[in-house]
Amino acid sequence: MEGIGLIRDLIREKIKGALKDLGKDYEFKVEIPPEGFGDFSSNVAMVGTRHFKRPPREVAKDLVDRLRGEEFESIEIAGPGFINFRVSKELLQRVVRGVLDKGREFGKKDIGHGLKVQFEYASANPTGPLTVAHGRQIVIGDTLVKLYKELGFDVENEVYLNDAGRQISLLAYSLWVRYNELFGIENEIPEDGYRGEYLVDVARKLKDEIGDKYKGVWNDEVEAFFKDYAVNEMLRWMKKTFEKMGSSFDNYFSERSLIEDGTVNEILKYFKEKNLVYEKDGALWLKVSEFIDEDDKVLIRKDGTPTYFMTDIAYHYNKKMRGFDRVYDIWGSDHHGHIPRMKVAMKALGFPDDFLTVILHQFVTLKKGGKKLRMSTRAGRFITLDELLEEVGGDATRYFFARIDPSKPLDFDIDLALKQSSDNPVYYVQYAHARISSLFRQAKEKGIEFKNLENVDLLSNDHEREVMKRLDTFEDVLLEAALYYLPSRITSYLEDLAHSFHMFYTHNTILDSSNPDLSNARLNLSKAVQIVIRKGLSILGVSAPERM
RNA sequence: GCCCCUGUAGUUCAACGGAUAGAACGGCGGAUUCCUAAUCCGCAAAUGGAGGUUCGAUUCCUCCCAGGGGCACCA
C-alpha cells in the first residue's frame with residue numbers, strides 16, 4: 001500500500017526518481033526500522049535484485065549516490081542491503097507543523113469521495129440481553145464506521161433485527177408463561193424457550209400496564225400482541241446498552257417488514273422470471289448449484305414461510321435500493337457458511353461483486369473453571385454487556401475489544417477482565433493525554449506563553465525525534481486499519497506514541513521559565529501528540545480525559 | 001469426512017515477506033528536593049511440530065498436532 005506520511009512520502013518520491021534515472025520502476029517499501037538503523041528504511045535495493053540482476057548492496061550503492069540531499073543527515077547501506085535514512089531535523093519538524101496546522105482535521109483524507117457505504121453489525125435476535133460477544137462486534141463496527149467517515153466515505157450504520165423467525169414465537173410464548181405465573185397459572189416454558197429471569201421483569205411491567213387482560217388466553221391475536229410487546233421491550237433494552245457503550249445507530253431494520261411490505265415477493269417474482277428457482281418437496285429452492293459448488297437452498301418452506309436466507313436476500317436488495325454503493329456486514333464466524341450463498345444471491349440479482357463485503361470475527365468463549373463454553377442466550381449461559389460495562393466502564397471495555405484481532409478467538413475470563421481492568425493499556429494512552437493537558441495548565445501558571453507553530457525549529461534531540469517520527473506514521477495507520485478491518489492497528493500505534501511521549505516527558509524538562517523558546521517548542525510538540533492521541537481515541541470511541 | 005479461523009514470553013495481545021520477534025500485566029532489581037510515579041530505567045522469559053518456496057519466513061505453500069466455528073425447510 002502507498003504510504004501517506006509526510007516524510008515517508010517524500011522519501012518514496014525521491015527513490016522513485018532515482019529508479020527512474022536508472023530506467024526502473026517497481027514497488028518497494030519505506031518503513032520505520034528497529035532501533036539503531038536510522039529513522040527510516042527501505043528495501044528498494046533488495047527487491048531490486050530481480051530487476052537489476054545485480055547483488056542488493058551494489059544496487060543500493062547506485063541508488064544512494066542519487067539520493068543524497070539536504071533532507072538527509074546520512075544515508076547508509078546496512079545488513080543484506082537495506083538503505084537506512086537519518087533525516088534532517090527540519091524534515092521531522094515539518095510533521096509537527098503539519099499536525100498543528102491541520103489540528104482536529106489531521107488524519108482526514110478523501111479516499112472515499114463520498115461513496116455511500118453501510119456497516120451492519122450488532123444484529124441480534126431481540127430475545128435477550130446483549131452479551132460481551134456483542135460488545136466485540138459493536139467495537140469493531142463502531143471503529144470502522146468512524147474510520148471510514150474520516151477517510152471521506154458517506155457512512156451509515158444499522159442494526160438488523162431478526163424479529164420474524166420461530167425464536168420470536170418462542171419468546172412471545174415464554175413471556176406469556178411468565179405473565180400467567182403472576183396470576184398463579186403454571187405452564188411449562190418449552191425446551192428451547194427463553195428461561196432467563198429478565199422475562200419475569202418484563203411480565204411484571206406488562207401486568208402493570210394491562211392487568212389480567214390476557215390471563216389464561218392464548219390465540220393468534222394474543223400471540224401477535226406478546227410478540228410485539230416482547231420485541232419492543234428487548235429493543236428498548238438493546239438501545240439502552242448501546243447508549244451505555246457510547247454507541248449509536250442510524251437505523252434499526254426489521255426483518256419482519258421485508259415480508260410485510262412485499263419485498264420478499266418482489267424478489268421471488270424476479271427469480272421466477274429468471275428461472276433461478278424451482279419447487280421440490282413443497283418448498284421453493286434457489287439454484288445455488290448453478291453458480292457454485294454447493295447444494296441448492298430453500299427460500300420458502302413448505303409451510304409457506306420464508307427462510308432466513310430468503311429474508312436476508314430481500315434485506316440486501318433493500319439496501320441496494322436505498323442507494324448504498326457498498327455494504328459491509330460484520331458477522332460472527334458461525335455465519336461463515338452463509339457467505340458464499342449470499343454472494344450467489346447478489347450475483348443472481350445482478351449486483352456488482354464488491355457490493356457486499358462480509359467481515360467475520362471469531363467467537364467469544366466463556367472461561368469457567370478452566371472449561372470453555374460458547375455463550376448462549378437460550379441456555380442462559382452468558383455474561384451481559386451491561387454487567388461488563390458496569391464493572392469495567394466504557395473506555396476499558398471498548399479498548400479491550402479493539403486490541404484484539406477479529407480473526408482471533410477470544411476467551412473471556414470475567415475474573416481476569418475485572419482484575420486487569422485497572423491495568424488496561426487504555427489508561428497508559430489516556431494518561432499521556434492528561435499529562436499534556438496538565439502541562440498547558442502549568443504553563444499558564446508559570447507564565448510561559450504558548451505560541452502555536454513557533455520555535456518548532458528548536459526540536460532536535462533523540463527523544464524529540466522519536467516522537468516526531470511516530471507522528472508521521474499516523475495517517476498510514478488509519479489507512480491500514482480501515483483497509484484490513486483491524487482496529488488493533490490503532491491501539492498498537494497509540495501505545496507506541498504514548499510510550500515515546502512518556503519517555504520524552506521523563507527525560508526532558510518541558511516547562512523551563514528561563515528558556516521560554518525551548519519550552520514553547522516542546523509545548524508545540526506536546527500539543528501535536530495530544531491532537532493525534534485525541535483523534536485516535538475518538539475513532540475508537542474512547543474518551544480523552546484532561547485529568548486523571 | 002469436507003470447508004473456514006486460530007496456535008507467539010507465566011498471562012492478555014502486537015509485528016506491512018526483512019535486520020536484534022515488540023508491549024502490557026505478573027516476577028526480580030532500580031529512579032521522585034523540580035512539569036501528574038496511572039511514569040521512567042534495567043534483568044529473566046516466546047514463534048505448537050516437520051518439510052518446502054525465497055537472498056531472507058511468525059508471516060506464503062504442504063502435511064501433522066491442538067483449540068474454535070460451519071456443513072438445516074435454525075438464525
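Sequence lines set the chain letters: A, B, ... in the order given, protein chains first and strands last, and positions in each chain run from 1. What you are looking at is a predicted structure, and each value in this text was computed from that prediction instead of being measured.
- Contact between the side-chain N/O atoms of Ser407(A) and the OP1/OP2 oxygens of rU6(B) is found at a separation under 4.0 Å.
- Two residues, Ile404(A) and Gly165(A), neighbour RNA chain B, and the one matched to the more 5' nucleotide by heavy-atom proximity is Ile404(A).
- Remark: P of rC5(B) and OH of Tyr484(A) are 17 Å apart, rounded to the nearest angstrom.
- Judged by closest nucleotide on RNA chain B, Leu511(A) is the one of Asp296(A) and Leu511(A) placed further toward the 5' end.
- Using a 3.5 Å distance cut-off with no hydrogens or angles, the side chains of His507(A) and Asn461(A) do not pair a donor with an acceptor.
- Within the nucleic acid shown, Asp163(A) has no heavy atom closer than 4.0 Å to any nucleic acid atom.
- Computed from coordinates, the His335(A) NE2 to rC3(B) C1' distance equals 17 Å when rounded to whole Å.
- When the side-chain nitrogen and oxygen atoms of Arg489(A) are compared with OP1 and OP2 of rA15(B), one or more of them lie within a distance under 4.0 Å.
- Side-chain N/O atoms of Thr307(A) and base N/O atoms of rA75(B) include no donor-acceptor pair closer than 3.5 Å.
- A centroid separation of less than 6.0 Å is found between the aromatic rings of Phe253(A) and Tyr315(A).
- Of the side-chain N and O atoms in Lys297(A), none sit less than 4.0 angstrom from OP1 or OP2 of rC73(B).
- The side chain of Arg341(A) places no N or O atom within less than 4.0 Å of a non-bridging phosphate oxygen (OP1 or OP2) of rC71(B).
- A donor-acceptor pair shorter than 3.5 Å cannot be found between the side chains of Asn162(A) and Gln167(A).
- Contact annotation: Lys280(A) does not reach the phosphate of rC73(B) (side-chain N/O to OP1 or OP2, under 4.0 Å).
- Between the P atom of rG69(B) and the CZ atom of Phe363(A) lies a distance of 8 Å, rounded to the nearest Å.
- Spacing between rU59(B) and rU54(B) at atom C1', rounded to whole Å, works out to 13 Å.
- Taking 3.5 Å as the limit, the base of rA15(B) and the side chain of Asp405(A) contain no donor-acceptor pair of atoms between them.
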